[in-house]
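Encoded as structure tokens, the structure appears first; notes follow it.
Below, each value reflects all heavy atoms present in this structure, side chains not excepted, and no hydrogens, waters or symmetry copies.
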Amino acid sequence: MNIQTWPPDAAISLPLDVMDALLPMHVHVDAEGKVRHAGPTFLKMVNDEELIGRDLMEVFKIKRPAGIETFDALVMEADERLSVVLRSAEHLPFRAVILPLPGMDGAVMNLSFGLSFARAVAEFSLTLTDFAVTDQTIELLYLNEAKASTTRLSEHLTTRLQDAHATAQAQARTDVLTGLSNRRAMDDELHHLMSNRNQHFTLMHLDLDLFKQVNDTHGHAAGDAVLAEIGRILDRELRRTDFPARIGGDEFLIALRPAQSRAVLSRIARRLITRIEAPIEVGDITVQISASIGIVSTTCYPRRPTIEQLMADVDEALYAAKRNGRGQFSVFEPG
Amino acid sequence: MHGMINSAFQGFLVETYGSDVWDEVRSVAQLRFAGFEAMLRYDDSVTMACFNAATELLHKHPNALLEDLGTFLITHEPYAPLKRLLRFGGPSFAEFILTLDELAERGRMAMPDIEMPEITVVPMEDNSFRVKATWALPGVGPILLGALRAMADDYGALATLSLDGLDGQAECVRIDVFDTAHSEGNAFVLGEVPA
């Protein structure tokens, strides 16, 4: 700060009540550094009836600049930005400035809360009237509270949107009839599986036999009930890590991780076919269907296959199974 | 209109008249969603449709409903943060009234795009004031009447308030303050940030 006056020694002397109104957090010390007078808000914070006459350095600790232990050293920092704490509340830093008065008549130090304003105002139980009319600390407090309120509202909105988004996403990836994943979810899953070159997996393509007859004879409602039952069977018979999806009319695709041996796959395929062949009751009628399954594993290939290759080969395996009659499965062998 | 204002009106209807009344209002106003989001914006026509549906269903005079809304905003416990923000306006009710000039700026400091009433306070003889307010929608007068009356209670001031006609586009409220410390009022501590 560069104070310019004209004439150079011009000065005003202020009554103490004017000082109190302008700077309610100031303290006035004599040449020895003993407190002569303090603003009303300062008095409220220090809460010491014997403040007048005490040594300023007993009331304050100077945090910055470091190493200031005496009043004489403090006065050398005139006009500098100081960081100080009350010895009675060392956890609340104040911003401060000290200016010597003319004629070696002591000094005035003025304080503000800096960034600790919210905590300080709470701890010292300050009110609107404890601040100078021109002080914008009140506006800071107001903004601080307003920000807390609006942030809370934004967080509530974000949480609700996230929930709605998750629900919509789950719905978009679910086959309504069977509760299994749908084709879109399966496409994502396959891309995910392919993206990790070290991840080996098996694909099963399952196609219902005799399903068209159920639809033609008993109507679509019966067909839908049968599909729902297949959904339950797949959900029950597969492991949590497997990924079954209905990808079209009566077609299902299952991803098994990790890739399984031929013996295990034979067992799983046979078990699924047996379960599906069990009579299914739909209202008053009982229907019986079967399933054919084509199987391919990424481990079958000498080099990592593409998704298109896998899909073509699992289809071929499914046709091979169908050629052998109903209720058969076939594992693809390259070459 | 800002979602904050719409959701306040919705909250007022639900808390005062029940969620079945709100459901009817929604259906009459042909709202396609369950409720307003405080942090989104809605077309003014939606706000007006809800308000008109409510006055019709409740057989209330628009001014009476708006005055109740104003009271609700100040006295309903979940809106305590709003009342606290208003109390930053001044240490006494009379000083608070005089700083209503700054209300719009204050509101925008908290939420930059919220529609706040632009208020001019005209001090009259003997601790009386004329508060002139303009807003994006009609009805700010009765809302202020209810809200300021509740603020007087909160400060513990004895005051009478009444609608005071129009001044050009502005809706006016007259306030006569008889005693700024009539009762205890509610304490306002600066540093008490509600959780």
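Heavy-atom distances place both the backbone and the side chain of A/Ser154 under 4.5 Å from chain B. Contacts between A/Leu143 and chain B at a heavy-atom distance below 4.5 Å involve the side chain alone, from C-beta outward.
A/Ile68 has its side chain out of reach of A/Met76: every pair of non-hydrogen atoms, C-beta onward, lies at least 4.5 Å apart. Residues A/Phe60 and A/Val85 have side chains not in contact (no heavy-atom distance under 4.5 Å, counting atoms from C-beta outward). The shortest distance between side-chain heavy atoms of B/Trp22 and B/Leu31 falls below 4.5 Å.
Two rings, from B/Phe33 and B/Tyr42, have their centers less than 6.0 Å apart.
Listed by chain and residue number, nothing satisfies the salt bridge (Lys or Arg N to Asp or Glu O under 4.0 Å) test with B/Glu171 (two or more places apart in sequence, or in another chain).
At a threshold of 4.0 Å, the pair A/Arg160-A/Asp163 does not count as salt-bridged, since none of the basic side-chain nitrogens sits closer than that to a carboxylate oxygen.
Near-neighbour residues of residues 106-124 of chain B relative to chain A, defined by a heavy atom under 4.5 Å from a heavy atom of that chain, comprise B/Arg106, B/Gly107, B/Met109, B/Ala110, B/Met111.
Counting only N and O atoms by type, the side chains of B/Thr99 and B/Glu102 include no donor and acceptor under 3.5 Å apart.
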